[in-house]
Amino acid sequence: SAVISQKPSRDICQRGTSLTIQCQVDSQVTMMFWYRQQPGQSLTLIATANQGSEATYESGFVIDKFPISRPNLTFSTLTVSNMSPEDSSIYLCSGGLAGWAETQYFGPGTRLLVL
Amino acid sequence: ILNVEQSPQSLHVQEGDSTNFTCSFPSSNFYALHWYRWETAKSPEALFVMTLNGDEKKKGRISATLNTKEGYSYLYIKGSQPEDSATYLCAFPGNYGQNFVFGPGTRLSVLP
């Protein structure tokens with residue numbers, strides 16, 4: 001298993017600013033992901049964080065808006081850039097081993113409110 | 001795009017009641033189904049990984065079944081307790097096999 005921590009746990013930000021969320025895993029994992037849950041919506045994948053290279057983004061998400069870094073196997077950051085109220089969400093990172101039946105472990109989330 | 005549905009959207013039960021809810025999915029190209037429990041302000045917690053048609057898994061008072069031919073999984077909670085109050089999510093491997101596609105969840109409230 002893996003324990004994942006995130007910080008900050010919550011934040012209130014002004015429109016037009018940026019916030020960087022950190023994700024730390026206590027053991028080496030093959031895969032790391034970033035998800036978002038907007039109010040009343042499903043958890044949705046933003047991107048796969050790739051170690052030492054550019055992240056792989058899902059349809060509707062772009063690097064300029066959500067730059068992601070993963071310098072090693074246990075750490076990743078997600079930046080929410082030029083924020084608007086529509087970015088108010090819970091942001092979750094997850095990690096696990098590759099494989100259809102492998103459990104993904106999740107952080108506790110970052111609750112973001114953009115005013 | 002994988003379409004995952006869960007029902008009901010929310011559920012209120014009394015302490016001691018047993019309850020169940022459903023995750024529906026396309027029956028073709030099935031690989032695995034994951035159930036998670038997500039309590040407010042905590043990390044989603046993995047409950048079960050189900051891979052074979054007819055699978056039944058149990059963890060304490062919680063159990064799950066899988067029917068891949070008809071495309072559904074049931075999650076059962078026997079003798080619900082207030083600490084069972086959470087959102088229950090089902091998830092499937094996505095396009096690359098590792099990321100998840102989540103259902104919208106069933107929000108369970110157990111009243112003392």
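Proteins get letters first, then strands, A, B, ... in listed order; numbering begins at 1 in each.
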- Contact winner vs chain B - A:Ser1, A:Gly107, A:Ser94, heavy-atom pairs under 4.5 Å: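 If we count pairs closer than 4.5 Å to chain B, A:Gly107 comes out on top.
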- Item | Pairs of heavy atoms under 4.5 Å with chain B: top-ranked of A:Leu92, A:Thr30, A:Ile90 |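 Result: the option with the highest number of such pairs is A:Leu92.
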- Query: Got a second to check how far B:Trp38's CH2 is from A:Gln37's CD, nearest 0.5 Å?
  - Reply: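 Reported to 0.5 Å precision, the distance equals 4.0 Å.
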- Quick one: closest heavy-atom pair of B:His34 and A:Glu102, and the distance?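 Reported closest heavy-atom pair: CE1-O, 3.3 Å.
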- How far apart are the closest heavy atoms of B:Pro104 and A:Ser42, and which atoms are they?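 Taking B:Pro104 first and A:Ser42 second, the nearest heavy atoms are CA-OG, 3.2 Å.
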- Message: Checking the side chain of A:Tyr35 only, and the main-chain atoms of B:Phe100 only, is there a donor and an acceptor separated by less than 3.5 Å?
- Response: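 Indeed, once roles are kept as given, a pair shorter than 3.5 Å links the two residues.
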- Item | B:Tyr36 side chain to A:Gln104 backbone, donor-acceptor under 3.5 Å |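 Answer holds: yes.
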- Query: If you tally heavy-atom pairs under 4.5 Å against chain A, which of B:Pro44, B:Ala46, B:Ala32 wins?
  - Reply: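 Going by pairs under 4.5 Å, I would pick B:Pro44.
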Around atom [atom1] of [X], are there more than 12 heavy atoms of other residues, nucleotides or ligands at under 6.0 Å?
X	atom1	value
B:Glu15	CD	yes
B:Gln9	CD	no
B:Arg107	CZ	no

In terms of hydrophobic clusters joined by side-chain contacts under 4.5 Å, are [X] and [Y] together?
X	Y	value
A:Trp34	A:Ile63	yes
A:Ile21	A:Ile4	no
A:Val25	A:Ile46	no
B:Ile77	B:Val13	yes
B:Phe25	B:Val49	no

- Message: Does any backbone or side-chain atom of A:Arg10 lie under 4.5 Å from a heavy atom of chain B? Answer side chain, backbone, both or neither.
- Response: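 Neither the backbone nor the side chain of A:Arg10 comes within 4.5 Å of chain B.
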- Task: With a 4.5 angstrom heavy-atom cut-off, could you sort out which part of A:Gln6 is near chain B: side chain, backbone, both or neither?
- Result: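 A:Gln6 has no heavy atom closer than 4.5 Å to chain B.
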- Would you say the side chain of A:Trp100 lies within less than 4.5 Å of the side chain of B:Leu33, judging by non-hydrogen atoms?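 A side-chain contact under 4.5 Å is absent here.
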